[in-house]
Amino acid sequence: MRTVTVVGASLAGLYAARALRAQGFDGRLVIVGDEPHRPYDRPPLSKDFLTGATTEADLALADAEEETELAAEWLLGTRARGLDARGRTLLLDDGRTVATDGIVLATGARARTLPGTEGLAGVHTLRTLDDARALRAALGGPARRVVVIGGGFIGAETASSCVGLGHEVTVVEAAPLPLVPQLGPEMAGFCASLHGRAGAALITGVGVAGLHGRAAVTAVELADGRVLPADVVVVGIGAVPRTGWLAGSTLLVNDGVLCDDGCATTLPQVVAVGDVARVGGVRHEHWTSATEQPAVAVRNLLAGRTVEHVRPAPYFWSDQYGARIQFAGRRRDGDTLRIVEGSLEEGSFLCRYERGGTTTALLAVDRPRPFTRARRELARQAAGPVPTA
Amino acid sequence: MIPVCRLEDLPAGESVRIDTSPPIAVFNADGALYAIDDTCSHQDASLSEGWLEGCLVECPLHAASFDIRTGEPTCLPARRPVRTHEVAVIDGVVHVRPAAQEGSAA
Ligand SMILES: Cc1cc2nc3c(=O)[nH]c(=O)nc-3n(C[C@H](O)[C@H](O)[C@H](O)COP(=O)(O)OP(=O)(O)OC[C@H]3O[C@@H](n4cnc5c(N)ncnc54)[C@H](O)[C@@H]3O)c2cc1C
Ligand code: FES
């Protein structure tokens, strides 16, 4: 391969570029990213960056020295608009084309928006640095009434940061309890209780009917008729993989770019990584997946076929209301729960999800050390016997 | 020097965190004692809660690894070293001498 193009200049894209060089690719490396910014880290956007504890400079994923070493052509502020059927020519939004021998798709996901709220001041999503700057500015002044729509991880973290900044916060969740698909009902219940303890209101089991306000939002109206006055609304209702631009290609797309468990797509010289990739049937929206998949994807890209598979035990963390939540593995409905250290009352524990005597997943709140130990066991178990090749 | 704990309370493979400002982590790596800054140079995690293997400690949050002898990171996402501190055992008690703060008169 003489030219490899990475589409998406963020976490997974940067790790792919690093992996290409680390694995000896010394050809032309092009990195296309539609944001104007150098790669930056998203998790702090809802946490320390929102509260002001972290600065923009702290978000940088690479320093100047490393960027020089990568010897890449950075096309920032440039959106990829299409990929030809053979996956050899990338069309950019400024009309330019890039002819390439290999492609790493790393276009991530965008925040899902609430239809009909575009252009209404005071309504925010939180996915990009620009989003976070705008939200931070809105939260910088005196106490405001903040309504967070969606009680998932990003919604909960944002609510927590807003409480920390002294705002009056209400979280609205359409499901009877947030985070049930991720954590199961018992542990979701524990996480939901964090809101109330910190002084944020949580309203569940009711959807949003619409927003009030002409130029700027003034209130959120719920499906049951309740009206919540609001100065700032944060919409945290999930993310959509950014695959629209691939419509004219021959790649299979269904809630992400379909890949085998080595991140290889249906075209041999195209791999996909991070939030945009549905790897072995699952699309993870986790930082660690976006950093671990690229090395495997690049190995398979350079080999021209799948010679390595990604790690089977996903991991993510979340920080809310001073609690550090860590989760690993794959929970399924019906798994039994066992708290092996600490307790819900203490607010700090390690819990195992089990099925037929084996651990399927782990959840810890403020127990990093035993969690790390258990996570290693889980990864070993999931990987099965180590091949001796 | 700051007394930390009795030597027998820090067996091989274990670590302890002391609440200095910034906090310091003391490790017993198979009998040899080392002290480094406790807070990971990447983001906000406590290295004394990490996974110690030989002279490497893996951060419990995003798995950056540090050589506890030098404080240097051995893999991403950490790119900056953590400071190292002097450790001594005096009369069976582990002591740490915090390195001078950058910018302070030492
Ligand atoms: C606020 C927030 C908090 C989070 N907190 C956590 C956490 O605590 N723990 C955790 O595990 N994960 C967390 N995550 C998730 C984590 O950040 C993502 O999994 C990670 O960013 C995925 O990286 P990525 O490179 O695949 O995608 P992204 O980071 O979404 O990057 C994709 C890049 O591609 C660009 N792009 C898209 N389409 C095109 C195109 N057509 N042409 C050119 N460029 C394009 C985008 O603009 C973007 O820069 C959080 C995410 C957010 C937003
Ligand atoms: S905080 Fe240590 S690796 Fe991120």
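Every value quoted in this text rests on a predicted model; they were computed, and no experiment measured them. Residue numbers start from 1 in every chain, and the chains themselves are labelled A, B, ... in the order their sequence lines are given, proteins ahead of strands.
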Report summary line: CG of B/L61 to OG1 of A/T288, rounded to nearest 0.5 Å, is 8.0 Å
**Report entry** Donor-acceptor pair, side chain of A/R369 and main chain of B/W51, under 3.5 angstrom
**Finding:** no
Report task. Measure the NE2-CG distance between B/H42 and A/D41 for me, rounded to the nearest 0.5 Å. Result -> 5.0 Å
Report task. Mind running salt bridge (charged side-chain N to carboxylate O under 4.0 Å, His left out) on B/E49 and A/R324 for me, showing each step along the way? Result -> CA-CA 13 Å; B/E49 309 263 29; A/R324 171 153 292 160; over 6 Å; no
Requested in this report: Go through the atoms of A/D319 and report whether side chain, backbone, both or neither lie under 4.5 Å from a heavy atom of chain B.
Outcome: neither
Requested in this report: Let me know if B/A63 has heavy atoms under 4.5 Å from chain A in its side chain, its backbone, both or neither.
Outcome: neither
Query raised in the report: Is the number of heavy atoms from other residues, nucleotides or ligands within 6.0 Å of CD (A/E65) greater than 12?
Result: no
Query - chain A contact via B/S15 - which portion, at a heavy-atom distance below 4.5 Å - result: both
Query - Note, A/W287 side chain near B/P77 side chain (heavy atom, < 4.5 Å) - result: yes
Query raised in the report: What closest approach, in Å, do A/P44 and B/Q43 show between heavy atoms, and which atom pair accounts for it?
Result: CG-NE2, 3.7 Å
Query raised in the report: In terms of heavy-atom pairs under 4.5 Å, which option from A/T54, A/T291, A/L61, A/D48 contacts chain B the most?
Result: A/L61
**Report entry** Closest approach of B/R79 to A/A62 (non-hydrogen atoms, all atoms of both residues)
**Finding:** NH1-C, 3.5 Å
Query raised in the report: With a 4.5 angstrom heavy-atom cut-off, which part of A/Y315 approaches chain B: side chain, backbone, both or neither?
Result: side chain
Report task. Check the surroundings of atom CZ in A/R133: do more than 12 heavy atoms from other residues, nucleotides or ligands lie under 6.0 Å from it? Result -> yes
